[in-house]
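Below: the structure, in structure tokens.
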Amino acid sequence: MTPGDYLFLFAGMGIVTYLPRALPLLYLAHRNMPRWLIDWLGLVPVAVLSALLAPGLFVDATTDSFVIGKRELLVAVPTLIFALKTRSLGGTVLIGMGLYWLAGSLY
Amino acid sequence: MANTDSLNKACSRLQVRSALVAAWPICLGYFPIGLAMGVLARQAQLPWWAVALMSLLVFAGSAQFICVAMLAAGSSAAAIIGTTFIVNLRHLLMSSALAVYLHGVKRSFLALFAYGITDESFAVNMARFRKGDWNRWQALIVNQLANAVWFIATVAGVLVGQLVPAGAFGIDYALTGMFICLLVFQFHGRIYIVTALIAAVIAVIWKILIPGDSYIVGAAVSAATIGYILLRRKQGP
């Protein structure tokens, strides 16, 4: 591929990535949003985070099948408890990494 | 630099520091992923400057991985751009949710801010905005710092990625650990926990039944809607 081809491809990807990031913000930030929309959007972060997280814990990446007992899930349980107890973001990240590393050497 | 001046006025040194502290788990998580993305790009014969250009213009982890895989498979530019669009539609939701906290902010700021909306910066910034000790400049610092680390990590992946041992120190788990804690930060009441459980169940089933990344938007919209209906029922009309 020539530099021009790369530029065309990445500019195209950039535009279709930027528009969904920008348009709702540019539109909604200057409108009075109805109460129901604000309430619904209030539930979006928890729903997005959970949707991002859960398949990595319960779905096998190669076969796309449901599994219980992935290393990611076994480590997630104590990591979740630690997060609930301490509410420390940095601490949770480090505990999660440490346990994942440990679990990897035991597996 | 008008922006730097207004940044100095709007943000005390303490606030800047707390923005840096808030961003470090993202940076820690982006490093191994960025390196891995760079290594794959090199294997797919992409030069380092192409990866740099992509990280700057696109700045979207999963889409960049998919792009490299599709380039390696010989896909057309149109197919890659179309796939990128679908994969990144989930940002519509995040951008909308952020609008609640950036209400009335001038459009030039929003246009710049939007560039840095990712799963990770969204989760960190929403947790802080909700807590109330956060301003938009701090949120922008988190976005742009994450972008800088992503840029450096992906380019470093092309240049020296082969030298770094994979999976060292459990660093592959950094973003998962961060998401677990940010999920906990979102538990403001029973309805939030219920919504999270619904989203998890739908996402897992959706992911198994429908290949690709549509499960993120599908599960998030469904769960937020069900949660909202449950909330309205409890409160009455």
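Note that the structure is predicted; figures quoted are calculated from it, not measured. Protein chains get the first letters and strands the later ones, always in sequence-line order, with residue 1 at the start of each.
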> Who among B:Gly218, B:Cys67, B:Ala223, B:Ala219 has the most heavy-atom pairs with chain A under 4.5 Å?
Replying inline: B:Cys67

> Checking side chain to side chain contact (heavy atoms under 4.5 Å, CB included) for the pair A:Val44/B:Met126: CA distance, chi angles, key distance, verdict?
Replying inline: CA-CA 10 Å; A:Val44 162; B:Met126 284 305 278; over 6 Å; no

> For A:Gly90 and B:Trp24, which heavy atoms make the closest approach, and how far apart are they?
Replying inline: CA-CZ2, 3.3 Å

> Taking atom CD1 of B:Ile202 and atom OG of A:Ser50, what is their separation to the nearest 0.5 Å?
Replying inline: 9.5 Å

>> Between A:Ala51, A:Pro20, A:Ala11, A:Ala76, who has the most heavy-atom pairs with chain B when the cutoff is under 4.5 Å?
In response: A:Pro20

> Got a donor-acceptor contact below 3.5 angstrom from the B:Thr195 side chain to the A:Ala47 backbone?
Replying inline: no

> Counting only heavy atoms not in B:Arg17, do more than 12 fall under 6.0 Å of its CZ?
Replying inline: no

> Where is the tightest heavy-atom contact between B:Ser96 and A:Leu41, given as atom of each residue plus distance?
Replying inline: O-CD1, 3.5 Å

> For B:Gly227 and A:Leu43, which heavy atoms make the closest approach, and how far apart are they?
Replying inline: C-CD1, 3.5 Å

> With respect to chain A, which residue among B:Ile81, B:Leu183, B:Thr118 yields the maximal number of heavy-atom pairs within a distance under 4.5 Å?
Replying inline: B:Ile81

> Between B:Leu28 and chain A, which part of the residue has a heavy atom less than 4.5 Å away: side chain, backbone, both or neither?
Replying inline: side chain

> Measuring heavy-atom distances to chain B, does A:Leu19 have an atom under 4.5 Å in its side chain, in its backbone, in both, or in neither?
Replying inline: neither

> Among B:Asp119, B:Leu175, B:Ile191, which residue forms the greatest number of heavy-atom pairs with chain A at distances under 4.5 Å?
Replying inline: B:Asp119

> Which atom names give the shortest non-hydrogen contact between A:Phe10 and B:Met54, and what distance separates them?
Replying inline: CE2-SD, 3.5 Å

> Can you say whether A:Leu57 sits under 4.5 Å from chain B via the side chain, the backbone, both, or neither, judging by heavy atoms?
Replying inline: side chain

> Contact part of A:Thr79 toward chain B, heavy-atom cut-off under 4.5 Å: side chain, backbone, both or neither?
Replying inline: both

>> Please identify, among B:Val124, B:Val217, B:Leu46, B:Val21, the residue contributing the most non-hydrogen atom pairs under 4.5 Å to chain A.
In response: B:Leu46

>> Return the CG to CG distance between A:Leu23 and B:Leu110, rounded to the nearest 0.5 Å.
In response: 11.5 Å

> In terms of heavy-atom pairs under 4.5 Å with chain B, which of A:Gly91, A:Gly56, A:Pro3 leads?
Replying inline: A:Pro3

> What pair of heavy atoms forms the shortest contact from B:Ala123 to A:Leu49, and how long is it?
Replying inline: CB-CD2, 3.7 Å

> In terms of heavy-atom pairs under 4.5 Å, which option from B:Leu182, B:Ile205, B:Leu89 contacts chain A the most?
Replying inline: B:Leu182

> Which answer fits B:Trp206, side chain, backbone, both or neither, if we ask what part of it has an atom under 4.5 Å from a heavy atom of chain A?
Replying inline: neither

>> Counting neighbours of CZ on A:Arg31 that are heavy atoms of other residues, nucleotides or ligands and sit closer than 6.0 Å, is the number greater than 12?
In response: yes

>> For chain B, which candidate among A:Pro55, A:Ala22, A:Ser65 shows the most heavy-atom pairs at distances under 4.5 Å?
In response: A:Pro55

> Given A:Asp64 and B:Lys207, is the side chain to side chain contact (heavy atoms under 4.5 Å, CB included) satisfied, shown in steps?
Replying inline: CA-CA 7 Å; A:Asp64 263 352; B:Lys207 166 90 175 149; 3.8 Å; yes

>> Once rounded to the nearest 0.5 Å, what's the spacing between atom OG1 of B:Thr83 and atom CE of A:Met13?
In response: 9.0 Å

> Side chain, backbone, both or neither: which part of A:Leu53 has a non-hydrogen atom closer than 4.5 Å to chain B?
Replying inline: side chain

> CG of B:Leu98 to CZ of A:Arg21: how many Å apart, nearest 0.5 Å?
Replying inline: 11.5 Å

>> Given heavy-atom pairs under 4.5 angstrom as the criterion, report whether the side chain, backbone, both or neither of B:Tyr101 touches chain A.
In response: neither

> In terms of heavy-atom pairs under 4.5 Å, which option from A:Leu52, A:Ile95, A:Val48 contacts chain B the most?
Replying inline: A:Leu52

> Side-chain contact, heavy-atom cut-off 4.5 Å: A:Trp40 with B:Val221?
Replying inline: yes

> Of all heavy-atom pairs between A:Arg87 and B:Val184, which one has the smallest distance, and what is that distance?
Replying inline: NH2-O, 3.7 Å

> Any chance CZ of B:Phe65 has more than 12 other-residue heavy atoms, nucleotides or ligands included, within less than 6.0 Å?
Replying inline: yes

>> Determine whether B:Val204 and A:Phe66 satisfy the following criterion, side chain to side chain contact (heavy atoms under 4.5 Å, CB included), listing intermediate values before the conclusion.
In response: CA-CA 8 Å; B:Val204 167; A:Phe66 180 78; 3.7 Å; yes

> Would you say A:Asp39 and B:Tyr228 make side-chain contact, with heavy atoms under 4.5 Å?
Replying inline: yes

> For the candidates B:Ala127, B:Gly177, B:Gly104, which exhibits the highest count of non-hydrogen atom pairs separated by less than 4.5 Å from chain A?
Replying inline: B:Gly104

> For A:Ser88, is it the side chain, the backbone, both, or neither that has a heavy atom closer than 4.5 Å to a heavy atom of chain B?
Replying inline: backbone

> Going through the checks in order, is the side chain to side chain contact (heavy atoms under 4.5 Å, CB included) test met by B:Phe185 and A:Leu89?
Replying inline: CA-CA 9 Å; B:Phe185 286 171; A:Leu89 184 60; 4.3 Å; yes

> Do the ring planes of B:Tyr173 and A:Tyr100 sit parallel (below 30°), tilted (30 to 60°) or perpendicular (above 60°)?
Replying inline: parallel

> Checking heavy atoms, do the side chain of A:Val59, its backbone, both or neither come under 4.5 Å from chain B?
Replying inline: side chain

> chain B heavy atoms under 4.5 Å from A:Tyr18: which part of the residue, side chain, backbone, both or neither?
Replying inline: side chain

> When rounded to the nearest 0.5 angstrom, what distance separates CG in B:Leu57 from CG in A:Leu9?
Replying inline: 10.0 Å

> Which distance, rounded to the nearest 0.5 Å, do you find between the CG of A:Asn32 and the NE2 of B:His103?
Replying inline: 5.0 Å

